[in-house]
Every structure is written in structure tokens, then in C-alpha cells.
Amino acid sequence: MAARDTFARGIDDECYQMMRNLEQGGRRVTRVAFPYTGGWLVVAQDEFRGRDIDGECRTELKDMIAAGWEVHNVAFSPANDGWSLCSRGTLPALPADPVRKVENAVGGADIWRRMSTYKTPGVAVAVVTGNRIAWSTGYGRLEAGGAAAVHPESAFQAASISKAVAAVGVLRLMQTLGKPLTDDIRPYLGWTLPRRDCVTLKATPTIERVLTHRAGIAGRGSTYPLDACSGFSSGGGGFPGYGPGVTVPSLLQVMNGQGNTPEIELTTDPGTGYHYSGAGFVLLQRMIEEETGQSLTQYMDQQVFTPLGMRTSSYALEPGFERAAGHTTTGAVIPGRRNRYPESAAAGLYTTVQDLCRLVCYLNKAWTASGDVAGPLNRASVRSLLSPGPQSGMGRGLFVSGVGTKNFAYTHDGSNYGFKSVFKGYPELGAGYAILANGDDFGLVNEIAAAVRSVYGWS
């Protein structure tokens with residue numbers, strides 16, 4: 001595979017990953033070498049990465065670079081485990097390297113150590129500055145013990161980031177129909193939304209309320225006791241997914257409670273409280289499919305992903321592109337590698353950090369533009385998507401902060417079994433980031449996000 005001014009074929013995928021990684025900070029790869037005993041070494045001016053390299057060789061490399069010399073040649077003896085290092089001169093002046101700064105500021109250590117601590121085999125990171133992807137890179141493996149390395153083009157389950165991206169599709173649909181978000185969602189469903197006896201008849205679950213988790217549709221884990229309309233737990237709202245050997249129900253079966261979650265219903269009066277609700281996004285998925293006659297997968301591909309160049313994003317249960325495997329908190333591959341989520345708008349998106357940052361770039365530009373910009377939404381729809389709405393701290397489908405300041409931001413995170421994720425955009429700064437991980441602990445994703453914000457001075 002080619003990457004900028006380098007090319008490689010038939011080498012260890014992690015070696016290629018590091019060749020790409022080291023170039024991200026404005027360096028150039030000056031040497032790639034392979035010991036005859038196995039392993040590899042990549043040198044890029046003042047940085048290097050290696051696997052199964054002699055310990056003394058590694059120490060001398062560090063000392064040579066620390067002394068201000070640029071390593072130009074590394075050779076390994078074919079007869080034994082010998083090696084040699086050569087330099088033709090001192091290091092030139094090099095630009096600041098934010099990638100290395102981020103890597104070395106994760107949880108008080110470096111990203112590899114924190115990945116090991118959290119038993120997460122693979123992570124992908126991308127950062128936006130000036131409304132362009134400034135850098136994107138991968139760390140580790142798509143599956144523990146596997147040969148395939150994580151690259152910025154690698155697809156992961158985005159979990160609840162699915163909701164934020166689906167919200168773009170919902171606003172696209174309402175824009176196309178010329179209908180307001182204040183419409184009652186029920187006439188769009190082709191299905192009768194049940195309600196508990198204590199929900200008043202006049203209560204209206206509007207599309208906008210569904211997008212902001214205020215439609216009275218409490219999620220999984222918040223619905224008990226089954227005859228109550230208050231006192232729910234603060235959690236819930238998600239879906240457990242379906243593992244290997246289990247028949248995946250249709251969307252309608254999920255809505256009717258014929259899957260592994262209760263039926264979707266009005267559990268409390270719309271507008272009276274916030275209940276984070278994946279179930280509400282299932283209804284938005286149903287609305288899109290009923291109104292367009294397409295599956296959510298087809299609709300989002302045509303109306304959102306293709307226009308934005310998000311070529312490795314899909315709501316399909318089993319998309320054709322290569323995907324990361326999920327892992328437990330012990331680092332073991334989850335059964336079946338990935339659970340399946342027919343509740344696609346709520347939890348079923350596969351995407352890459354590059355694609356998420358393409359969305360960030362678009363939303364940032366569309367927010368600050370004086371008129372419409374090319375893409376799925378007009379200016380009014382983007383303003384609706386990102387402006388504070390019925391729920392404090394939310395737009396429509398995304399969480400917002402710093403409203404009215406240069407640090408105004410929108411964000412969403414995600415948690416599926418075996419996967420954790422977050423993305424964030426800063427429209428007034430033309431900035432943002434995306435992080436996708438195939439481990440089951442949010443700590444690592446949060447630490448990487450904090451490192452990115454610290455290095456760039458974002459709040």
C-alpha cells in the first residue's frame with residue numbers, strides 16, 4: 001500500500017501502520033529495516049518505532065536522536081543478531097509534532113501503555129483543524145492476536161454516535177418533506193404507539209422531542225415497574241444487541257417487544273422529563289423507512305454518506321468492508337466478534353474516524369457559512385441540528401456546550417458491547433476530533449480525548 005511518499009508491499013501491517021503514523025507529524029521516513037531474526041524498525045528523523053529489536057540497538061537509537069543526530073541508516077547482520085547505526089549529520093529544524101504530543105499525554109503515560117492498561121487492542125484517532133483533517137492514525141490491531149493493524153480507514157461500531165448521525169438523516173427527511181420538527185411522530189410510523197394508562201391523551205411525542213429524549217419514551221432499564229409513569233432509573237435507553245447463533249428480529253418486532261427488549265411505548269407524558277432513549281431513535285428509523293420506502297441503510301447512504309464522501313460508513317448489519325472486532329474488559333474477543341443491532345439508528349452504525357471527521361468538517365462549515373453549503377442540509381436545518389432545543393445542553397440528536405462562545409461544541413459518544421467511541425466538533429474554531437476503540441472501557445477513549453483537547457487548547 002502507498003502512503004504519501006512511501007510505498008510498501010507484503011510487510012507486517014503494524015510496520016506499515018507506523019510508517020504512516022510517523023509521517024503524520026511532518027516527518028519523513030528515513031529508514032525502514034528488518035532484522036533477519038524477525039521484527040521491523042521504522043525511523044523518521046527524530047522518532048522511531050520498532051518491534052522485536054535488540055535492546056541495545058533501541059537504546060543507542062534513543063541516545064543518538066537525543067544528542068541531536070538524525071539516523072540515516074540502520075543495518076542488521078544476516079549472519080547473527082548484529083546491527084549498525086549511521087548518521088550523516090545533525091537533525092534539521094523540525095515542525096511541532098502534535099501527534100507525538102497527543103500520544104505521550106494519554107492518562108499520564110503514552111497511548112500504547114494506556115491501551116495495555118485498558119486491555120484495548122486497537123484505537124483510531126483523527127483530528128480536524130482549519131476544517132480539514134489535520135492528521136489521522138491507528139494504533140494496535142483490529143482483533144487481538146490478529147495480523148491486521150488499525151488504520152484511520154478501519155471501520156468500528158460507533159454505538160450511540162449512530163444517533164447523532166441518524167439525526168442528520170432525520171433533518172434531511174423533514175427538510176425534503178417540508179415538514180416541521182414539531183410534528184407528532186405517530187402519523188409517520190404506520191404503527192400505533194402504545195401508551196401506559198397514566199399517560200394523558202393530549203400528550204404529543206413530537207419529532208423534536210424524540211430527537212432530544214423528551215418524548216416520554218423511556219428506554220431499556222428505565223421502564224419498570226410496567227404500570228408506572230415516574231421514578232424510573234436514570235440509566236437505560238440502550239440495546240444489548242444480538243450475538244452469534246441468535247435470530248435478529250425485524251425492526252417491527254423490536255418495536256413490539258418481540259426481541260430482547262420491552263415493547264416501545266409512551267411511558268410518561270412527553271415534554272415532562274429527560275429519558276435517554278434509544279427506543280425513540282428506533283421510531284425515527286421507522287419513520288424514515290415508512291416515508292421513503294427505503295431501509296435506513298439505503299437512505300443514509302444515498303442522502304448523507306455519499307454526498308459527504310463517507311465511503312466506509314453504513315447502517316447495514318453486516319457491511320462488506322473490513323471491521324474491527326469488539327473485546328471485553330479482559331481483552332478477549334467478544335463472541336461472534338461483534339453484536340448485531342437491528343436498532344440501527346440507535347446503535348448500529350459502522351464508520352471510521354476519517355468519515356466522522358468529514359461530517360465534522362461539513363457541519364462546522366455549514367454552521368459558520370452565511371448561506372447553504374453543499375451537503376444534505378440547508379443552513380436552517382444545520383442551525384436546528386446544533387442549536388439548543390427543548391432539552392438543556394442538546395441540539396437535536398447531539399449534545400452541545402459553550403453556546404455563544406468561540407468554544408461552542410457539539411458531541412456524542414457511544415458504548416456498545418466491545419466498542420467505545422466519541423466525536424466532537426467546534427464550529428467557531430473549525431476544529432474537532434473522532435476516536436474509535438475496540439475495547440470495553442470508556443476510560444481510554446476519555447483519556448485520549450482529554451489529550452487531544454489539552455494539546456490543542458480546546459475546552
Side-chain angles (χ1 to χ4, degrees), residues 1-76 81 83-87 91-92 94-107 109-117 120-127 135-142 144-154 353 437 444 448 451 455:
M1 297 180 69
R4 294 172 62 182
D5 60 349
T6 62
F7 189 93
R9 187 186 302 283
I11 66 171
D12 181 273
D13 199 25
E14 186 184 25
C15 177
Y16 176 66
Q17 176 196 60
M18 286 298 103
M19 290 171 63
R20 300 183 69 190
N21 173 286
L22 288 167
E23 288 188 323
Q24 295 284 303
R27 273 66 181 150
R28 56 187 178 83
V29 172
T30 54
R31 183 67 178 172
V32 182
F34 301 91
Y36 287 86
T37 54
W40 49 267
L41 175 67
V42 180
V43 181
Q45 297 185 277
D46 63 340
E47 292 284 348
F48 72 91
R49 298 287 182 269
R51 178 73 67 188
D52 298 328
I53 301 300
D54 178 85
E56 185 185 11
C57 177
R58 187 182 295 272
T59 298
E60 290 300 327
L61 274 165
K62 290 180 180 178
D63 290 347
M64 184 178 285
I65 291 172
W69 296 95
E70 183 172 9
V71 179
H72 288 94
N73 190 47
V74 181
F76 293 94
D81 58 358
W83 49 269
S84 65
L85 311 177
C86 298
S87 173
L91 283 163
L94 295 169
D97 189 346
V99 186
R100 245 42 65 193
K101 289 181 179 179
V102 170
E103 288 175 355
N104 292 315
V106 179
D110 63 46
I111 191 168
W112 292 277
R113 292 180 193 176
R114 300 310 286 163
M115 288 170 64
S116 176
T117 297
T120 296
V123 175
V125 184
V127 169
W135 55 272
S136 59
T137 188
Y139 304 91
R141 302 285 181 173
L142 293 177
V150 172
H151 295 287
E153 301 88 356
S154 299
V353 290
L444 177 63
I448 297 170
V455 166

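- Residues passing the side-chain hydrogen bond (donor to acceptor under 3.5 Å, both in side chains) test with S136, sequence neighbours excluded: Q354.
- The minimum heavy-atom distance between V353 and A124, with the atom names listed, is CG1-O, 3.4 Å.
- Annotation: the span from T120 atom OG1 to R114 atom CZ amounts to 10.5 Å, rounded to 0.5 Å.
- Atom CG of D52 sits about 9.0 Å away from atom CG of D12, to the nearest 0.5 Å.
- Checked against side-chain contact (heavy atoms from CB on, under 4.5 Å), A105 has the following partners two or more places apart in sequence or in another chain: A451.
- Between M18 atom CE and E23 atom CD the span is 12.0 Å, to the nearest 0.5 Å.
- Of all heavy-atom pairs spanning W40 and P35, the tightest one is N-CD, 3.8 Å.
- Between G138 and P152 the shortest heavy-atom distance is N-CD, 4.0 Å.
- Between A44 and L22, the closest heavy-atom pair is CB-CB, 3.8 Å.
- Every residue two or more places apart in sequence or in another chain that forms a side-chain contact (heavy atoms from CB on, under 4.5 Å) with P92 is listed here: Q45, E70, L94.
- Atom CZ in R31 sits 11.0 Å away from atom CG in L85 (nearest 0.5 Å).
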Please test F48 against I65 for side-chain contact (heavy atoms from CB on, under 4.5 Å), starting from the C-alpha separation and ending with a verdict.
-> CA-CA 9 Å; F48 72 91; I65 291 172; 3.8 Å; yes
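- In this view, D54 and E56, C57, W83 satisfy the side-chain contact (heavy atoms from CB on, under 4.5 Å) rule, not counting sequence neighbours.
- Pairs engaging residues 94-104 under the side-chain hydrogen bond (donor to acceptor under 3.5 Å, both in side chains) rule: N21-R100, N21-E103, R49-E103, D97-R100, R100-E103, E103-Y139 [sequence neighbours left out].
- Judged purely by atom type and a 3.5 angstrom limit, T59 uses its side chain to pair as donor or acceptor with the backbone of G55.
- Summarising the geometry of F34 relative to C15, their closest heavy-atom pair is CE2-SG, 4.0 Å, with the distance given to 0.1 Å.
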How far apart are the C-alpha atoms of D13 and H151, what are their side-chain angles, what is the distance that settles it, and do they pass the side-chain contact (heavy atoms from CB on, under 4.5 Å) test?
-> CA-CA 9 Å; D13 199 25; H151 295 287; 2.9 Å; yes
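- Judged by distance alone, with hydrogens and angles left aside, the side-chain atoms of T30 form a donor-acceptor pair with the main-chain N or O of V43 at under 3.5 Å.
- Between the T137 side chain and the R20 main chain, no donor and acceptor come within less than 3.5 Å of each other.
- With sequence neighbours excluded, no residue forms a salt bridge (charged side-chain N to carboxylate O under 4.0 Å, His left out) with R58.
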side-chain contact (heavy atoms from CB on, under 4.5 Å) between V32 and I11, worked out | CA-CA 11 Å; V32 182; I11 66 171; 5.7 Å; no
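- Distance CG/D46 to CZ/R27: 4.5 Å, rounded to 0.5 Å.
- Of all non-hydrogen atoms in L142 and A149, the two that sit nearest each other are CG-O, 3.7 Å.
- For the atom pair M64 CE and C86 SG, the distance stands at 7.5 Å (nearest 0.5 Å).
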Going through the distances and angles, do V125 and I448 end up as a side-chain contact (heavy atoms from CB on, under 4.5 Å)?
-> CA-CA 9 Å; V125 184; I448 297 170; 4.0 Å; yes
